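Reviewing the structure listed below.
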Amino acid sequence: AGIVAVDTGLGHMAAALHAPCVSLYCATDPARVGAVGPNQLHLQTAPPFASLGAEQVWAGLLTVMEQARGNP
């Protein structure tokens, strides 16, 4: 169980609940507005999102879900 969010409140809610989450960012700088907490991964790309592959997002989600198992 994990979450993929796009620069919205969902990513911040996931972080507050320590849920594994990959947040996708395009023009917004995740260092300034990114969700903060355990089990969070920020992936950033230049427009359009098409340059960020589904395989990369899936691999990131698997990574944070695995980390969450050892970081309740």
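Bear in mind that the values here come from a model prediction, so they are computed numbers and not experimental data. Each residue takes its place number in the sequence, starting with 1.
- If you take CE on M65 and CG on N39, they are separated by 11.0 Å, rounding to the nearest 0.5 Å.
- Partner of L61 under the side chain to side chain contact (heavy atoms under 4.5 Å, CB included) criterion, chosen from L41, L43, V4: V4.
- Each of L24 and M13 belongs to its own hydrophobic cluster when Ile, Leu, Val, Met, Phe, Trp and Tyr are linked at side-chain heavy-atom distances under 4.5 angstrom.
- Remark: side-chain polar atoms of Q56 are not paired, donor with acceptor, to backbone N or O of A54 under 3.5 angstrom.
- The heavy-atom pair separating Q44 from P30 by the smallest distance is OE1-CD, 3.3 Å.
- In plain terms, the two heavy atoms of S23 and G11 that are nearest each other are OG-CA, 4.1 Å.
- At least one donor-acceptor pair closer than 3.5 Å links the side chain of H42 to the backbone N or O of A35.
- Cluster membership check: W58 shares its hydrophobic cluster with V22, using side-chain heavy-atom separations under 4.5 Å among Ile, Leu, Val, Met, Phe, Trp and Tyr.
- Linking ILVMFWY side-chain heavy atoms closer than 4.5 Å, directly or via other members, places V64 and V57 in a single hydrophobic cluster.
- Linking ILVMFWY residues whenever their side-chain heavy atoms come closer than 4.5 Å, directly or via other members, places L52 and L62 in the same cluster.
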